[in-house]
Amino acid sequence: MKRYVEVYKQCMYSAVQTASAYRMNFIVSSLITLIGNILFPLVTLLIYRAGTSFPGWSLYEVLLIQSVFTMSSGLSSLVFGGVMWTTMSHVREGSFEVVLLKPLNPLFYLVATTFSTESAGLFLGGAALFVFSAWHVGAIPALAWLQFAGMFFAGTAVLAGLSLMMAAMSFKWVGNSRISELADSVLSVGKYPLPIFPKAVQAAATMIIPVGMVGFLPASALLGRVGASDFAAILPCFVFLWAGIWVYRHMIRLYEGVGG
């Protein structure tokens, strides 16, 4: 375990040093990533400015949900975001043997070496929006912060598991680069209050593909709007992460080394 920690620390250090060496590229890439993901809070602002709203939810409460979603997306992209694209590239080129020959677990090696510093801007932008929104929703008790922390990391686990599953598909279906767009469509449910969706969608978003944990439920914890049954959704999140790891490790066995 100590060896893996040291390897990961060195990979993080290398990624930070690379970003420091090419500062303008890092700044521009971070801004593009942030702008591409910060548009939906602006749409929410326009909706409320136009006099409409999500029933039962104020502007700042919805922005709080979306800021949590952005932070969770940024943290997941920071750690796991590069695995999918790097795996796709290796499989398409037939060069995944390079990874398999490393004296490390292949999945750990990819996670460590694809640490995405560009996603730091996304996380920090979400954090800024989070502070702004939380300031306007009133006092938040300490217990709510503890509940939020547990649900936030559970939501990040969902995103990590989804990234690994999409990456794993590359070993069988090489030309699947558009699958991330399908995943984004599913994840978009977590950007908004779940009660605005039909009951079937709410159930699927909490217990089957728990995208509600990515933004809605952690923010609801801060707002004091969670019940005892909502905490049951934490377990499927870590099951989802475990499933992503298992599927990825299983699909490696199907790699044939021929590329696309």
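Quick caveat, the model's predicted, so the values are computed rather than measured.
- By the 4.5 Å heavy-atom criterion applied to side chains, P198 and V201 are counted as neighbours.
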**Prompt:** Taking it one step at a time, do W57 and L223 satisfy side-chain contact (heavy atoms from CB on, under 4.5 Å)?
**Reply:** CA-CA 11 Å; W57 296 83; L223 298 172; 3.7 Å; yes
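- Using a 4.5 Å heavy-atom cutoff, the side chains of V211 and T206 are not in contact.
- Atom CG of L110 is separated from atom OG1 of T86 by 6.5 Å, given to the nearest 0.5 angstrom.
- Nearest heavy-atom pair across A232 and M207 is O-CE, 4.2 Å.
- A distance-only check finds a donor-acceptor pair linking the side chain of S67 to the backbone of L64 [under 3.5 Å].
- Contact record, A233 with C237: O-SG, 3.2 Å, taken as the closest heavy-atom pair.
- The backbone N or O of G74 lies less than 3.5 Å from no partner atom in the side chain of S77, so there is not a single donor-acceptor pair.
- Here the side chains of I234 and F231 are in contact, with some heavy-atom distance below 4.5 Å.
- The hydrophobic clustering, which links ILVMFWY residues whose side-chain heavy atoms are closer than 4.5 Å, places L146 and L217 apart.
- Under the 30°/60° scheme for interplanar angles, the aromatic rings of W246 and H250 are found to lie parallel.
- When all heavy atoms of P218 and G215 are compared, the pair lying nearest together is CD-O, 3.5 Å.
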- Query: How far apart are the C-alpha atoms of L164 and I245, what are their side-chain angles, what is the distance that settles it, and do they pass the side-chain contact (heavy atoms from CB on, under 4.5 Å) test?
  - Reply: CA-CA 6 Å; L164 295 178; I245 295 172; 3.7 Å; yes
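- Side chains of P193 and I65 form a contact here, defined as non-hydrogen atoms less than 4.5 Å apart.
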* To do: Go through the steps for F123 and L78 under the test side-chain contact (heavy atoms from CB on, under 4.5 Å), then give the verdict.
  => CA-CA 8 Å; F123 178 80; L78 197 69; 5.9 Å; no
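- Residue F240 is grouped with residue I208 when hydrophobic side chains (ILVMFWY) are merged at heavy-atom distances under 4.5 angstrom, including chains of intermediate members.
- Without hydrogens or angle criteria, T113 side chain to Y109 main chain gives a donor-acceptor distance under 3.5 Å.
- Although no hydrogens or angles enter the test, the distance criterion places a donor-acceptor pair under 3.5 Å between the side chain of T87 and the main chain of V83.
- Annotation: F197, atom CZ; neighbour count of heavy atoms from other residues, nucleotides and ligands within 6.0 Å is above 12.
- Expressed to the nearest 0.5 Å, how far CE of M165 lies from CD1 of I209 amounts to 8.5 Å.
- Looking at F148, F69, Y60, F152 one by one, the single match for ring pair (Phe, Tyr, Trp, His ring centres under 6.0 Å) with F130 turns out to be F148.
- When side chains are defined from C-beta on, P195 counts as touching F216, because their heavy atoms get closer than 4.5 Å.
- With contacts defined as side-chain heavy-atom distances shorter than 4.5 Å, the pair V62/Q66 qualifies.
- In this structure, the side chains of E61 and R225 come closer than 4.5 Å at one or more pairs of heavy atoms.
- Atom CG of L107 sits about 8.0 Å away from atom CZ of F80, to the nearest 0.5 Å.
- Atom CZ of F238 and atom CE of M213 lie 8.5 Å apart (nearest 0.5 Å).
- Note: L159 CG to L241 CG = 10.5 Å, rounded to the nearest 0.5 Å.
- A continuous path of ILVMFWY side-chain contacts below 4.5 Å connects L59 to I140, so both sit in one hydrophobic cluster.
- The same ILVMFWY cluster, assembled from side-chain heavy atoms under 4.5 Å apart, contains both F132 and V137.
- Smallest separation of non-hydrogen atoms from G212 and L194: CA-CD1, 4.1 Å.
- Here the OG atom belonging to S76 is positioned 13.5 Å from the CE atom belonging to M71, to the nearest 0.5 angstrom.
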